[in-house]
*Asks:* 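Quick one: this structure, given as structure tokens, is what I'll be asking you about.
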2 protein chains.
Amino acid sequence: MTKAPVTRNDVAEYAGVSTAVVSYVVNEGPRRVSPETRERVLEAIRVLGYRPNATARALRMGTTRTLGLITPDGGNPLFAELAKAIDKEAGARGYVVLQTSADGDPDTEHAKIAELLTRQVSGLVLVAPTEDPDLSDVDVPIVAINRELPAASSVRSQYREGARQGVDHLIGHGHRSVGLVIGHSRDGRPPERELGWRDALEHAGLEAGPIARTTFSRRGGYDAGRELLAATNRPTAIFASSDLQAVGVLRAIHEAGLNVPDDIAVLAFDGTAETEYSWPPLSVVRQPLEQLAHQAVTRLIDGQDAVEALTCPTDLIIRRSCGC
Amino acid sequence: MTKAPVTRNDVAEYAGVSTAVVSYVVNEGPRRVSPETRERVLEAIRVLGYRPNATARALRMGTTRTLGLITPDGGNPLFAELAKAIDKEAGARGYVVLQTSADGDPDTEHAKIAELLTRQVSGLVLVAPTEDPDLSDVDVPIVAINRELPAASSVRSQYREGARQGVDHLIGHGHRSVGLVIGHSRDGRPPERELGWRDALEHAGLEAGPIARTTFSRRGGYDAGRELLAATNRPTAIFASSDLQAVGVLRAIHEAGLNVPDDIAVLAFDGTAETEYSWPPLSVVRQPLEQLAHQAVTRLIDGQDAVEALTCPTDLIIRRSCGC
DNA sequence: TTGAAAGCGTTACCAT
DNA sequence: ATGGTAACGCTTTCAA
């Protein structure tokens with residue numbers, strides 16, 4: 001259980017070589033090692049159960065090969081799925097990820113960033129939404145996902161285009177009034193998804209339907225759903241800007257004794273696994289989480305200084321809630 | 001963006017003291033420092049933007065204050081919520097957590113364990129279910145959550161008692177036939193939750209209802225649900241051993257045009273957030289994730305060698321799917 | 001109260 | 001092809 005750790009010194013001694021040689025065989029470089037010596041070292045490593053100490057290596061090399069990931073809430077399925085994708089990408093590159101939640105609180109996020117920097121992460125992934133943190137003294141590459149950060153690279157889903165495509169689809173079903181459930185604007189400007197919703201309506205010559213602004217949560221969606229249902233101009237379709245909200249909307253509709261999609265159609269943005277088994281299964285505009293993860297990790301590790309935002313197209317997934 | 005890192009040496013120089021003194025003030029020990037010197041050092045730290053290098057510290061101290069966490073699937077809400085709870089507990093103790101998924105694959109889990117050990121984690125949390133890994137050369141404390149591991153401490157939800165309580169509740173509603181949706185047995189023995197289900201039935205003098213064995217997934221639950229509905233002895237209530245499965249069961253029932261709970265009652269084990277907004281909201285036996293997390297982290301950090309299993313009681317949460 | 005220096009496990013340069 | 005060794009940034013003992 002708690003044996004004394006085997007160091008590279010022990011291996012060298014056992015194999016009758018210098019520590020440098022052990023290093024050469026462990027790292028397959030930078031110098032060649034004769035086959036027989038190599039074999040001896042390998043044998044020593046096996047016998048002794050030697051495991052290289054990544055901490056010492058990191059100190060020496062100046063890189064931990066560790067990524068830091070901060071999401072607003074690790075318990076949120078969207079962020080959990082994103083995190084999983086990031087871990088997978090990182091793992092494929094020999095990186096490991098320190099994941100933590102900021103609880104949507106700027107101070108907490110700031111503290112977490114500091115902690116991760118102290119831990120010498122090689123790069124930082126910051127996921128929306130939280131207020132912009134102070135990044136002035138950050139000395140590692142950062143990429144923001146679904147979030148615009150001054151002086152940080154950013155990778156995003158095409159919120160606006162995706163939303164528009166989703167709402168277009170709803171309109172295609174003949175709906176003339178499409179309600180919107182969306183979060184509160186963070187920076188005073190209307191959120192991208194709201195813009196996409198407007199784009200679609202406008203293009204179809206329709207009036208903007210009722211809007212319910214609420215939190216990005218199931219509960220928020222539920223409240224918003226009730227609000228929309230109670231409105232004098234009750235919409236015949238609802239576009240929810242997140243899965244969580246959509247699920248809440250669904251509950252509100254069920255409670256009202258209404259049917260989805262016959263009485264009201266629903267379409268959600270995000271497309272986490274949960275939506276596939278809601279009742280009815282939700283048609284969604286799916287965020288390309290794997291792509292976002294891939295791009296983010298690639299940028300961080302390969303250090304494309306490209307600070308310009310990269311946007312990834314979403315995917316319209318048709319299920320039952322839209323009326324297809 | 002990429003400035004040269006400020007070391008403790010720079011601080012010492014700037015403050016006109018030795019590096020030892022800087023250490024004393026940063027760590028508030030082990031020696032006292034005169035107020036004015038201390039102030040100079042603090043000032044230097046502030047001006048220079050010095051951030052201690054945790055890697056070097058870890059090397060010197062022999063501990064990284066980092067926990068490793070391996071779940072079968074970080075995208076699974078249950079594990080995501082557990083991970084969040086663990087991160088919170090760890091964070092409160094100044095620890096940070098390296099989280100990764102094993103995809104339910106023993107080889108992957110083994111590889112991840114090796115990677116984390118190389119990273120010198122101070123402790124390892126292994127979450128069920130995967131086949132037992134080889135832990136022989138692990139030299140850090142391990143705690144298994146909801147999983148029995150030879151030579152590892154373990155913290156678990158009271159599966160059997162919780163299941164029994166849930167099924168008892170169903171029986172209390174007058175159900176005489178309670179079906180079971182459960183995973184495949186991993187070690188040949190019947191799973192705890194199945195035992196609990198049997199306990200309740202037996203105690204009530206009821207026959208064991210139909211059982212559908214499937215995967216721990218929404219899809220698995222859906223298939224199992226259809227199976228149970230098609231059975232000649234269709235049960236009037238179903239106990240699902242996980243949220244994911246319950247959600248699948250719900251879908252199968254809806255598709256069959258049946259009503260929950262009027263035609264069939266459903267009760268699930270786990271109690272993740274998703275169940276609160278399913279339709280209808282699921283009554284659940286909730287796993288005490290925060291407690292599990294707290295106990296696991298405490299054991300790891302404080303190193304209670306107590307290898308005996310600790311079990312935490314579950315919580316019966318009544319919502320609508322049981323018929324209350 | 002403060003400073004010098006050893007040493008944690010590596011890597012890689014410079015010798016040999 | 002291999003060995004000796006300095007250095008990475010830090011903590012802490014020992015001396016002053």
Side-chain angles (χ1 to χ4, degrees), chain A residues 3-42 44-45 48-66 94 117-122 139-140, chain B residues 3-42 44-45 48-66 94 117-122 139-140:
Chain A
K3 337 170 194 167
V6 178
T7 77
R8 185 214 41 185
N9 247 306
D10 303 323
V11 176
E13 191 168 330
Y14 186 99
V17 300
S18 81
T19 59
V21 174
V22 179
S23 217
Y24 299 154
V25 356
V26 169
N27 305 326
E28 312 200 325
R31 292 278 174 286
R32 285 187 46 83
V33 176
S34 76
E36 50 270 29
T37 310
R38 179 187 156 74
E39 209 34 71
R40 273 216 317 290
V41 172
L42 255 18
I45 288 178
L48 265 25
Y50 168 70
R51 226 193 296 281
N53 181 327
T55 298
R57 181 169 217 271
L59 178 59
R60 175 62 224 233
M61 305 282 276
T63 169
T64 54
R65 297 180 74 84
T66 298
L117 288 177
T118 265
R119 294 328 187 112
Q120 306 295 119
V121 292
S122 306
D139 50 1
V140 301
Chain B
K3 338 171 193 163
V6 177
T7 76
R8 184 214 40 182
N9 249 304
D10 303 324
V11 176
E13 193 168 328
Y14 186 98
V17 300
S18 79
T19 59
V21 174
V22 179
S23 221
Y24 300 153
V25 357
V26 168
N27 305 325
E28 314 200 324
R31 292 277 172 285
R32 287 188 46 82
V33 175
S34 75
E36 51 271 27
T37 309
R38 180 186 156 74
E39 209 34 72
R40 274 217 316 289
V41 173
L42 255 18
I45 289 178
L48 266 24
Y50 168 70
R51 226 191 296 281
N53 181 328
T55 299
R57 181 169 215 273
L59 178 59
R60 173 65 223 234
M61 304 280 277
T63 172
T64 54
R65 296 181 74 84
T66 297
L117 288 178
T118 267
R119 296 321 188 114
Q120 307 295 120
V121 291
S122 306
D139 50 2
V140 300

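Only a predicted model underlies this, so the values are computations on that prediction, with no experimental measurement involved. In what follows, chains are A, B, ... by sequence order, proteins preceding strands, each numbered from 1.
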*Asks:* Measuring from B:Gln120:CD to B:Asp139:CG, what's the distance to the nearest 0.5 Å?
*Replies:* 7.5 Å
*Asks:* Which nucleotide in the set C:dT2, D:dA1, D:dC8 lies at the smallest distance from any side-chain heavy atom of A:Ser34?
*Replies:* D:dA1
*Asks:* If I compare all heavy atoms of A:Arg38 with all of A:Val33, which pair ends up nearest, and what's the gap?
*Replies:* N-CG1, 3.7 Å
*Asks:* So B:Arg38, base contact, sugar-phosphate only, or nothing? Heavy-atom distance under 4.0 Å.
*Replies:* nothing
*Asks:* Could you check how far CD of B:Glu28 sits from C1' of D:dT11, rounded to whole Å?
*Replies:* 15 Å
*Asks:* Just compare C:dT2, D:dG3, D:dC10 and give me whichever is closest to any side-chain atom of B:Asn53.
*Replies:* D:dC10
*Asks:* Please pick, from D:dG9, D:dT12, D:dT2, the nucleotide with the shortest atom-to-atom distance to any side-chain atom of B:Met61.
*Replies:*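 In terms of side-chain proximity for B:Met61, the closest of D:dG9, D:dT12, D:dT2 is D:dT12.
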*Asks:* Could you work out which one of C:dA12, C:dA4, D:dT11 sits closest to the side chain of A:Ala20?
*Replies:*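 Closest nucleotide among those given: C:dA12.
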*Asks:* Take atom CD of A:Glu13 and atom C1' of C:dG9, then tell me their distance rounded to the nearest Å.
*Replies:* 15 Å
*Asks:* Looking only at side-chain atoms of A:Arg60, point me to the closest of D:dC8, D:dT5, C:dA4.
*Replies:* D:dC8
*Asks:* Is there a side-chain polar atom (N or O) of A:Asn9 under 4.0 Å from OP1 or OP2 of C:dG9?
*Replies:*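 The answer is no; no side-chain N or O of A:Asn9 sits under 4.0 Å from OP1 or OP2.
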*Asks:* Drop me the distance from B:Thr55's OG1 to A:Arg119's CZ, to the nearest 0.5 angstrom.
*Replies:*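 Here the interatomic distance stands at 9.0 Å.
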*Asks:* Counting heavy atoms from C-beta on, name the nucleotide in D:dC8, D:dT2, C:dT11 closest to the side chain of A:Leu59.
*Replies:* D:dC8
*Asks:* Which of these nucleotides, D:dA1, C:dT11, D:dC10, is closest to any side-chain atom of B:Ala56?
*Replies:* D:dC10
*Asks:* How do A:Arg31 and B:Val26 order along DNA chain D: which one's closest nucleotide is nearer the 5' end?
*Replies:*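 Counting from the 5' end, the first nearest nucleotide belongs to A:Arg31.
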*Asks:* Counting only side-chain heavy atoms from C-beta out, which of D:dG9, C:dT1, D:dT12 sits nearest to B:Tyr24?
*Replies:* D:dT12
*Asks:* Between C:dG9 atom C1' and A:Ile45 atom CD1, what is the distance in whole Å?
*Replies:*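 It works out to 14 Å between those atoms.
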*Asks:* Check the distance between D:dG9's C1' and A:Arg57's CZ and give it to me in whole angstrom.
*Replies:* 18 Å
*Asks:* Checking side-chain contact (heavy atoms from CB on, under 4.5 Å) against A:Tyr50, which of A:Val41, A:Asn9, A:Val26 comes through?
*Replies:* A:Val26
*Asks:* Heavy atoms from C-beta onward define the side chain here; which of C:dA4, C:dT1, D:dG3 lies closest to that of B:Arg32?
*Replies:*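 Of the candidates, C:dT1 comes closest.
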*Asks:* Let me know the distance between CZ of B:Arg119 and C1' of C:dG9, rounded to the nearest Å.
*Replies:*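 Rounded to the whole Å, the gap is 15 Å.
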*Asks:* If you pin A:Thr7 and B:Thr19 to their nearest nucleotides in DNA chain C, which one's is more 5'?
*Replies:* B:Thr19
*Asks:* Tell me: CZ of B:Arg40 to C1' of C:dG3, nearest whole Å?
*Replies:*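 That distance rounds to 13 Å.
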*Asks:* Pick out which of B:Val22, B:Val25, B:Val21 makes a side-chain contact (heavy atoms from CB on, under 4.5 Å) with B:Thr37.
*Replies:*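 That would be B:Val21; it is the only one of B:Val22, B:Val25, B:Val21 passing the side-chain contact (heavy atoms from CB on, under 4.5 Å) with B:Thr37.
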*Asks:* Could one point to a donor on the side chain of A:Tyr50 or the base of C:dG9 with an acceptor on the other under 3.5 Å away?
*Replies:*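 Check fails, no donor-acceptor contact within cut-off.
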*Asks:* Nearest 0.5 angstrom please: A:Glu13 CD to A:Thr7 OG1, how far?
*Replies:* 9.0 Å
*Asks:* When you get a sec, tell me which of C:dT2, D:dT11, D:dT2 is the closest nucleotide to the side chain of B:Thr37?
*Replies:*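 Of the candidates, C:dT2 comes closest.
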*Asks:* CG of B:Asn27 versus P of D:dG9: gap in Å, rounded?
*Replies:* 17 Å
